[in-house]
Amino acid sequence: MHYLAEGLRLPTNGLDYTILAIYFAVVLGIGFAARASVKTSLDFFLSGRSLPAWVTGLAFVAANLGATEILGMAATGAQYGVAVVHWYWIGAIPAMVFLGLVMMPFYYGSKVRSVPEFLLQRFDKSAHLLSSVLFAFAAILIAGVNLYALSIVVEALLGWPQWVSIVVAGFFVLGYITVGGLSSAIYNEVLQFFVILAALIPLTFLGLKRVGGWDGLTGSLEKSHGGEFLTAWGGTGIGDANPLGANWLTIILGLGFVLSFGYWTTNFAEVQRALSAKNLSAAKRTPLIAAFPKIFIVFLVMIPGLVAAVLVPKIGTAGSDLTYNDAIPLLMAEFLPNGVLGIAVTGLLAAFMAGMAANVSSFNTVFTSDIWAKYVKPGREDAYYLRFGRLITAIGVLASIGTAFIASSFSNIMSYLQTLFSFFNVPMFVVFIIGMFWKRASMKSGVWGLVAGTGAAMVNYFWVYKQGIIDIPTDQGANFVSAIVGFVAGAVVMVVVTLFTAPKPEAELAGLVYGTRSPGLEEPPGEGDDAWYRKPALLGWGAIVIAALCYVPYSF
């Protein structure tokens, strides 16, 4: 267990605690206000599909502004440099636009309550059950990451041991989600979005001022870390060395396509916000609205990480008691006066609660609707599922407290998250994308695609990388390769299984495959059967070529 260095205790006073107390009171107030609108399970899990696009759009981006964005991305900036922009401009924006324009018509038009439920309609029960279990497990692990990151800040604020911080913070989040359901989580995420910006903006500008502005920052980093630390693409040629330990091929395919699209288009913690929109137009605009602030938020997390790399050159090294995750608390203690410090602490706590709430609220929906109501206790009255949803929320938070201690063993929680995404999100994405664009994909191909994708990604990470079968320089580079391998394995297996098993009856594919008309949509969202993406030979050969290429860079 890593405990925050003694020198990072934040010099808080009564003003800071007052700001924090006011924020917590408002959050709980929103939870109790939202309770009045929770009459059915649809209200609890999807806000009754009644929210406007601007609310769901801000909640969409705020749900991602958790540990990944704040501590994780600042840590990535301190460790890898300017290459952190890849996670935004390549690893987020294109996939968010694709989700809004291409995939939301399928999700919203099919009236599903969750992402796994779409697999039930497109494939069969085995694919649905496996995807539900995998997602529920991943959601708890990721919620634990946010809870652990939150505990770092609480420890810095109050000096509490991390285990106390984790437990207290977990039960606070449990309170407002259990009371108000998804509406409580979403409206709090809108509030949290603005509080987060109020925290990060002064921290960024004060950090730049301390190191002599952008010129002073880049000059210092070039001397201490080399020129490649300050470029996004420098040194990414095949066979070249760079801080990220990846090359242009693995960045584009592994992060820009597989991990990015796998996360943003199939991660129900995000998609759930769009599904709660009041109509299809609002659902489609939700990720598009979120993409605009996402373009610029990278500067608010990257620059503090770079500043920390200048001020504490040994951060994250074996000779230091500071990990990369400490970059943000370090700068808060160094730069922010009382009052502003209270806003910053509140902003960080808001960020982590938003990330945890997003994953817990998606977990309770999937577990209740896709596992419990479908396979354990089907056919019960709606009030029963509403009560069970609140119960499983509490269980999910308790499980997240346990997984928070797993996250505490990683120096860079961003690497840990990317590992989880390559295991769980990527296989689900390949099943979705092939099932959505290829009418012939058989019912049984879905479950075998999930098994193959998850298994291949784990084999690459734990055996090929960890056992040194192939020399991949960093965890991040290994994650990119694992994502590519998982995607390719899932695609190849789906094509092969499809060739030997029966397709789903065409009458049952309306609105589920690109080019078919759905009662929920005015127009079919795709082309005819002669489109290139419907040809299994091209899919199979393309996947094999990518599989061969993903290991080539590490043979030089």
Side-chain angles (χ1 to χ4, degrees), residues 3-27 62 65-67 69-75 77-78 149-160 162 165 168-169 172 191-217 220-221 293 296-315 320-354:
Y3 290 93
L4 203 63
E6 191 65 32
L8 286 188
R9 294 287 182 260
L10 300 182
T12 49
N13 64 14
L15 177 60
D16 302 313
Y17 288 116
T18 300
I19 294 172
L20 195 58
I22 291 172
Y23 172 75
F24 281 148
V26 170
V27 166
L65 276 172
E69 203 88 352
I70 310 301
L71 287 192
M73 283 302 180
L150 190 153
S151 75
I152 293 178
V153 181
V154 174
E155 182 190 15
L157 175 65
L158 301 174
W160 293 356
Q162 281 187 5
S165 305
V168 171
F172 184 84
L191 169 66
Q192 288 157 355
F193 174 76
F194 294 104
V195 175
I196 291 163
L197 293 185
L200 292 178
I201 290 172
L203 193 65
T204 301
F205 280 99
L206 290 173
L208 276 176
K209 183 178 179 181
R210 172 64 65 89
V211 297
W214 182 253
D215 291 338
L217 175 64
S220 299
L221 288 173
F296 304 104
I297 287 172
V298 59
F299 297 108
L300 299 181
V301 292
M302 176 185 73
I303 291 175
L306 298 178
V307 171
V310 170
L311 297 180
V312 189
K314 293 187 179 299
I315 188 172
S320 172
D321 63 345
L322 295 170
T323 72
Y324 293 112
N325 295 328
D326 295 326
I328 290 289
L330 173 74
L331 300 190
M332 288 169 55
E334 182 74 17
F335 299 138
L336 300 184
N338 293 112
V340 179
L341 181 61
I343 295 174
V345 170
T346 302
L348 281 183
L349 295 182
F352 306 140
M353 287 192 295

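The heavy-atom pair separating I328 from P304 by the smallest distance is CD1-CB, 3.8 Å. Considering all non-hydrogen atoms of both residues, V26 and L191 come closest at CG1-CD2, 3.7 Å. The two residues Y23 and V195 have their closest heavy-atom pair at CE1-CG2, 4.3 Å. Residues T204 and F299 come closest through the heavy atom pair CG2-O, 4.1 Å. Heavy atoms only, all atoms of each residue included: A309 and L221 are closest at CB-CD2, 3.9 Å.
Here CG of L20 is found 4.5 Å from OG1 of T346. Values are rounded to the nearest 0.5 Å. The distance from atom CD1 of I201 to atom CG of L206, rounded to the nearest 0.5 Å, is 12.0 Å. Note that CD1 of I343 is 8.5 Å distant from CG of L15, once rounded to the nearest 0.5 Å. Taken from CG in D215 to CG in L208, the straight-line distance is 10.5 Å, to the nearest 0.5 Å. Annotation: the span from F205 atom CZ to L300 atom CG amounts to 8.0 Å, rounded to 0.5 Å. Separating the OG atom in S220 from the CG atom in L311 is a distance of 8.5 Å, to the nearest 0.5 Å.
Contacts of P293 classified as side chain to side chain contact (heavy atoms under 4.5 Å, CB included), with partners at least two apart in sequence or in another chain: V61, F193, I297. A search for side chain to side chain contact (heavy atoms under 4.5 Å, CB included) contacts involving A344 returns A199, M332, L336, not counting sequence neighbours.
Using a distance-only test at 3.5 Å, with no hydrogens or angles considered, a donor-acceptor pair links the side chain of D16 to the main chain of G339.
A heavy-atom distance below 4.5 Å is not found between the side chains of L330 and F335.
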